[in-house]
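Per chain, numbering begins at 1; letters A, B, ... match sequence-line order. All values below come from the heavy atoms of this structure, side chains included, with hydrogens, waters and symmetry mates left out.
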There are 2 protein chains.
Amino acid sequence: MARLKNPDTIRPLLLEVGLTLFAKRGYHGTGIKEIVDTAHVPKGSFYNYFKSKEEFGMEIIRWHSADFWQKWHSSIDANAADPLQALHDCFDIMLVEHIDCAVNTFCVVAHVAAEMCETSPECRITMKTLLDDMLRNVAGYIQKAQRLGLARSDADANELASLFWDTWTGSILRMKIEDSIEPVKQSVSLLFGRLLKK
Amino acid sequence: MARLKNPDTIRPLLLEVGLTLFAKRGYHGTGIKEIVDTAHVPKGSFYNYFKSKEEFGMEIIRWHSADFWQKWHSSIDANAADPLQALHDCFDIMLVEHIDCAVNTFCVVAHVAAEMCETSPECRITMKTLLDDMLRNVAGYIQKAQRLGLARSDADANELASLFWDTWTGSILRMKIEDSIEPVKQSVSLLFGRLLKK
DNA sequence: AGTCTTAAGACGACCGGTCGTTTATTAAGG
DNA sequence: CCTTAATAAACGACCGGTCGTCTTAAGACT
């Protein structure tokens, strides 16, 4: 067998580069040539690793969300005593990723997924499943905080979780338009600092 | 001159169709052929009305936001006594547009703009200006409500306005993923029903 | 150990199709 | 009749995807 480069590094490399470019230019705005050129991988090799561009996009969503959950859990488990603070820490960690221009956050993936939804129903289902997991998880922590009297109880935990996600996603869009990280910082701090607290 | 059709109807028609398709498939995901076919306009005619696709996109943003402001003001002026209720009414009106599948809302335009930002700095500036107008306006009403004691005063009006926008925009993305209008309904009602009130 | 066989991965040229855009021709109005 | 907008056809560039060739290393056999 011929193995000039290590395939175990090329595949993740393509996924990584792909996500970064998708985050910047969008799914339809990014060509495969651009991806392989950036990754210094021949175009022909791309299809040794992925069946199609759509498959590739789906794989990015799955691959990244797995990575995301790992970080999420290791972060949120570290602060089990205060569910609200634990959530806040998670968001702060994701914020740091944005500052580092890694853009590897859950919501960027959501934007990519939304772009793919129209042509790929399968993609919509995949993303919806991940979103449901995410919302259920956040809602769980909010509910805990509510029971402990740390968070307001006049609103449903599920609805609050959705609100968090919507705000976070939306602020990323505003980040693009304002060309600044401030919107994301601001909205998240407002949510945690004022609106969620009892 | 040769004028088989009225140009005053074709131009708005193209803008209308363009926005609808952009909202569904995104800027890069929509071809000019698709636009002109839907509008039953010959492809060659497109460039009689618009210099380029980018110009067209920019024009959609400007044209729609003008239309948006008109509706906005006529709606918000009708209920000057209660600034909070006035805002709420505005959001409800926009919600109805979503239900009617007209998708002609400000935030859809923002998604299109965000997609164009990468290649067109001019577009970013245009959208940012409109966004600033929007946020300043909403913040103004929130501030009024705060002074009247109708809205919570423990958070800055500008920050609350931004939060509204972020949430609204984000919920539209969730709408795509969940393939349902509920997310938009839910988030807006939560904001007005619980979080903004004193 | 050395040699041969074999096949999976690397690779770039290339495919048909579609993209955004231009242009040559047509036909109507002043 | 001349101007000018409308339009179909055509443009080159580029898209996602395929193809055949080349390279190289693992296993078979001596």
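Note on N48(B): every side-chain N or O is 4.0 Å or more away from OP1 and OP2 of dA5(D). S45(B) has a side-chain polar atom (N or O) that falls below the 4.0 Å cut-off from OP1 or OP2 of dT7(D).
Look at OH on Y49(A): it is 8 Å from P on dG9(C), rounded to the nearest Å. In this structure, R11(B) places its CZ atom 12 Å from P of dA6(D), rounding to the nearest Å. Going from atom NZ of K53(A) over to atom C1' of dC14(D) covers 12 Å, rounded to whole Å. Between L21(A) atom CG and dG16(D) atom P there is a gap of 12 Å when expressed in whole angstrom units. Taking atom NE2 of residue H40(A) and atom P of nucleotide dC11(C), one finds them 13 Å apart after rounding to whole Å. Between the NZ atom of K51(A) and the P atom of dG16(D) there is a distance of 17 Å, rounded to whole Å. For E54(A) and dC15(D), the CD to C1' distance is 16 Å, given to the nearest whole Å. Counting to the nearest Å, the P atom of dC15(D) and the CZ atom of R25(A) are 11 Å from each other.
The distance between the ring centers of F192(B) and F164(B) falls below 6.0 angstrom.
Atom CG of L21(B) is separated from atom CD1 of I32(B) by 12.0 Å, given to the nearest 0.5 angstrom. The distance from atom CD1 of I177(A) to atom CD1 of I172(A), rounded to the nearest 0.5 Å, is 12.5 Å. Between the CG atom in L190(A) and the CG atom in N158(B) there is a gap of 11.5 Å [rounded to 0.5 Å].
In terms of modelled atom types and a separation under 3.5 Å, the side chain of S120(A) and the main chain of M116(A) share no donor-acceptor contact.
Using a 4.0 Å cut-off between charged side-chain N and carboxylate O, D132(B) and K128(B) make a salt bridge. Between E59(A) and R11(A), at least one side-chain nitrogen of the basic residue sits less than 4.0 Å from a carboxylate oxygen of the acidic one, meeting the salt-bridge criterion. Salt bridge annotation for D154(A)-R194(B): absent, with no cationic side-chain nitrogen under 4.0 angstrom from a carboxylate oxygen.
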Short heteroatom pairs, N/O only, protein and nucleotides 9-12 of chain D, under 3.5 Å:
none

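Closest contact between the side chain of P42(A) and the listed nucleotides dA8(D), dC11(C), dG20(C) involves dC11(C).
Within residues 27-37 of chain A, the residues that have a heavy atom under 4.0 Å from DNA chain D are, in order of number, T30(A), G31(A), I32(A).
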Verdict with supporting geometry, F56(A) and Y49(A), ring pair (Phe, Tyr, Trp, His ring centres under 6.0 Å): CA-CA 9 Å; F56(A) 178 65; Y49(A) 298 102; over 10 Å; no
